[in-house]
> 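After the structure tokens below, expect a handful of questions from me.
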Amino acid sequence: MVPGISFFGLGRRHQAGVRGVVHQLGRTQPGVTVACGDSHSSTHGALEAGDFGIGTSSRSTKLLHGGVRYLELALKERDPRQLRLVRDALRERRVVMELAPHLARPLTLLTPLFRPLEIPYYGLGLKLYDRLAGRRRLAPSRYAPPKEVQALFPDLPPTLGGILYQDGQFADYRLNLALILSALSRGAVALNYAEATGFLVREGRVKGAVVKDRLTGKEVGVWAQAVVNATGPQADRVRGLLDPELPPLLTPSSGAHLVLDYPLQVGLLLPKTRDGRVLFLLPWQGKALLGTTDLPAEATACPLPREEEVAYLLEEIRPYLGDLSSRVLAAWAGLRPLVGKGETKRLVRDHLIVEEKGLYTLTGGKWTTFRLMALDLVERLARDLGLSLPPSESHRTPLLGAGPRPPLPLPEGVAEHLYTHYGTLAPEVAALGDRPLLPGLPYLEGEVVWAVREELAQKPLDVLARRLGLALLDRKRAEEALPRVVELMAPLLGWDDGRKQALLLEARRALPALC
């Protein structure tokens, strides 16, 4: 399910009109989906107000997981909803790896043990975690003796050993894009920088949306049989366009992350923080990803990590690995769209579908279970629209780029980077230009060209943050790359010198918030 406004089932006679939106708007908004038509002649469209994945979808902890902490809560509080969510997520973890093996893979993590009672507590808990995955489990968890723990993490204080277990890791910004591009290859329409500014209502029911092109200012109305609000933390704001009196569904929560110059062999899970959360330190593209926080937050479009969040993360890791403040390369935050009210760390990460005056809102949930969320939505729409659907094949339909790594006559680091971003399309990307974008990094100039030609990139940070991922990894190097990225994009998008300078300045100002 692509975040944004979605239009579901646009009939064949409407398809030309929707493709007209593509030409008129050039691009569209995050969060709204529109659908119309019968089961034999329909197309679907998704609108994104900014760039695809500009918000929460590119700012996760990059984990495909059931949630060790959620399992602990499920058992302590005897909460079947938490247990069901963990079980479903653990099984979906393997599905995502099978659908996009170039973007998702197993990740080994260590939970260090410092007290005797922790050995059976975490050992048995992680065995149960394995068991809940059923036939889709990964490698089984096991005890690691103190010498093995010390070899993996020399800076850790003395331990009683640790528990090694596996979860999944994925490139969230690339998976989001792979979903969009795979849908486009099957006839869908997807538009970024297109904002739904209002709804089209007929006989008291939502039947479409007014869409504004944020690049040109043009507006157009799009009619459909069903409109879906899948805007994540912005879901209540979009509902307010229909009726400002609707009660809120969400309690947004901020999750800040730091990227550190601290290479790792495996990930580290610290199961107890002072606020009752877990802390992850994960290997990520040759660096370490430290996260995350869980604080109530306003549903802003471009959240920044708060000073207290950065301080919290560094303080929590200090007793284990020392002062890492000088190693911070990048910092960013995402917002969780948590359904319900109450203490954010205890709210179940389950999803919700609500229909109000013909507007369907899909919200809540977590990245790992995105396919189940979309399946529930499609089945709900089919029932309400009286459509007959065949059984879903989404669990065995590979995404664009899925397949074995192709041979590339490039240095190993560059070849690995291209495969883990583009999969089987890597040779086509390299053919557009194999000059390095920056010395010492694996990114190629051809990737910038590919991002514009094939991946709908419209602005410099679209490329650096949500196509290449460099801005999420190292802010300083991303800023170094900006001038060359602008030069490469300019002839492809018709920018003159004035436009180039304006976009360069805009990107430099927007780099801290990545939008």
Side-chain angles (χ1 to χ4, degrees), residues 2-4 22 25-31 46-60 103 171-181 183-184 189-195 212-216 232 301-303 330 332 334 400-401 417 421-422 425 429 432-433 437-438 441 443-475 477-495 499-515:
V2 176
V22 179
L25 300 187
R27 300 288 169 246
T28 325
Q29 148 172 3
L47 313 179
E48 173 69 52
D51 184 35
F52 300 118
I54 198 169
T56 300
S57 297
S58 65
R59 300 165 186 248
S60 77
L103 302 177
D172 51 4
Y173 55 96
R174 293 300 307 181
L175 183 61
N176 187 67
L177 194 61
L179 290 166
I180 294 165
L181 297 176
L184 291 175
V189 176
L191 308 172
N192 53 358
Y193 292 104
E195 180 177 4
K212 180 180 180 180
D213 178 3
R214 295 182 64 185
L215 299 177
T216 67
C302 298
W332 32 269
L400 198 65
H417 158 74
H421 279 64
Y422 309 97
L425 301 175
V429 178
L432 294 178
L437 183 62
L438 283 176
L441 294 179
Y443 308 96
L444 302 180
E445 290 188 349
E447 294 181 75
V448 181
V449 179
W450 181 267
V452 175
R453 288 185 180 176
E454 305 293 336
E455 297 181 342
L456 308 175
Q458 294 294 305
K459 293 186 176 184
L461 284 187
D462 298 350
V463 175
L464 286 171
R466 293 168 291 278
R467 304 305 185 278
L468 278 62
L470 175 57
L472 292 162
L473 193 68
D474 190 326
R475 182 182 298 175
R477 299 307 305 269
E479 189 166 7
E480 288 179 37
L482 268 173
R484 185 57 183 154
V485 169
V486 170
E487 289 297 327
L488 290 167
M489 295 180 74
L492 301 171
L493 294 170
W495 299 341
R499 182 65 174 154
K500 284 160 49 177
Q501 287 303 309
L503 286 169
L504 182 59
L505 290 173
E506 177 186 277
R508 283 177 173 153
R509 288 195 299 267
L511 190 56
L514 299 173
C515 40

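Sequential numbering from 1 along the given sequence is applied to the chain's residues. These numbers come from a predicted model, not from an experiment. Scope of the values below: all heavy atoms of this structure, side chains included, with no hydrogens, waters or symmetry mates.
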> Less than 4.5 Å apart, side chain to side chain, heavy atoms only: is that true for Arg59 and Thr56?
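No; the side chains remain at least 4.5 Å from each other.
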> So that I can tick it off, tell me whether Lys500 and Glu487 are bridged by a salt bridge, with the cut-off set at under 4.0 angstrom between side-chain N and carboxylate O.
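Yes.
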> By the definition side chain to side chain contact (heavy atoms under 4.5 Å, CB included), identify the one residue from Leu470, Leu464, Leu438, Val448 that meets it with Tyr443.
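Going through the options one by one, the only one that passes is Leu470.
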> Between His421 and Tyr173, what is the ring plane arrangement, given parallel below 30°, perpendicular above 60°, and tilted in between?
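Taking Tyr173 first and then His421, their aromatic rings sit tilted (interplane angle of 30° to 60°).
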> Identify the two heavy atoms, one from Glu447 and one from Tyr422, that lie closest to each other, and give their separation to 0.1 Å.
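Looking at all heavy atoms of both residues, the closest pair is OE1-OH, 2.7 Å.
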> Would you say Arg475 and Trp332 make side-chain contact, with heavy atoms under 4.5 Å?
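The answer is no; the side chains never approach within 4.5 Å.
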> Is there a donor-acceptor contact under 3.5 Å from the side chain of Asn176 to the main chain of Ser57?
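Checked: no pair found.
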> Which pairs pass side chain to side chain donor-acceptor pair (under 3.5 Å) with one or both residues in residues 502-511, sequence neighbours excluded?
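Every side chain to side chain donor-acceptor pair (under 3.5 Å) pair that includes a residue of residues 502-511, provided the two are not neighbours, is Lys459-Glu506.
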> List the steps, then state whether side chain to side chain contact (heavy atoms under 4.5 Å, CB included) holds for Trp450 with Leu425.
CA-CA 10 Å; Trp450 181 267; Leu425 301 175; 4.0 Å; yes
> Could you pull out all residues at least two apart from Arg467 that satisfy salt bridge (charged side-chain N to carboxylate O under 4.0 Å, His left out)?
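Only Asp51 meet the salt bridge (charged side-chain N to carboxylate O under 4.0 Å, His left out) criterion with Arg467.
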> Could you go through the side chain to side chain contact (heavy atoms under 4.5 Å, CB included) check for Leu461 and Arg466 one step at a time?
CA-CA 7 Å; Leu461 284 187; Arg466 293 168 291 278; 4.1 Å; yes
> Got a sec, which residues hit side chain to side chain donor-acceptor pair (under 3.5 Å) with Arg453, two or more places apart in sequence or on another chain?
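Testing Arg453 for side chain to side chain donor-acceptor pair (under 3.5 Å), a comparison that skips the adjacent residues, returns none.
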> Is there a side-chain hydrogen bond (donor to acceptor under 3.5 Å, both in side chains) between Ser58 and Asp172? Walk through the geometry before answering.
CA-CA 5 Å; Ser58 65; Asp172 51 4; 5.9 Å; no
> Walk me through whether Val486 and Met489 qualify under side chain to side chain contact (heavy atoms under 4.5 Å, CB included).
CA-CA 5 Å; Val486 170; Met489 295 180 74; 5.9 Å; no
> Could you go step by step and tell me if Leu444 and Leu437 meet the side chain to side chain contact (heavy atoms under 4.5 Å, CB included) rule?
CA-CA 5 Å; Leu444 302 180; Leu437 183 62; over 6 Å; no
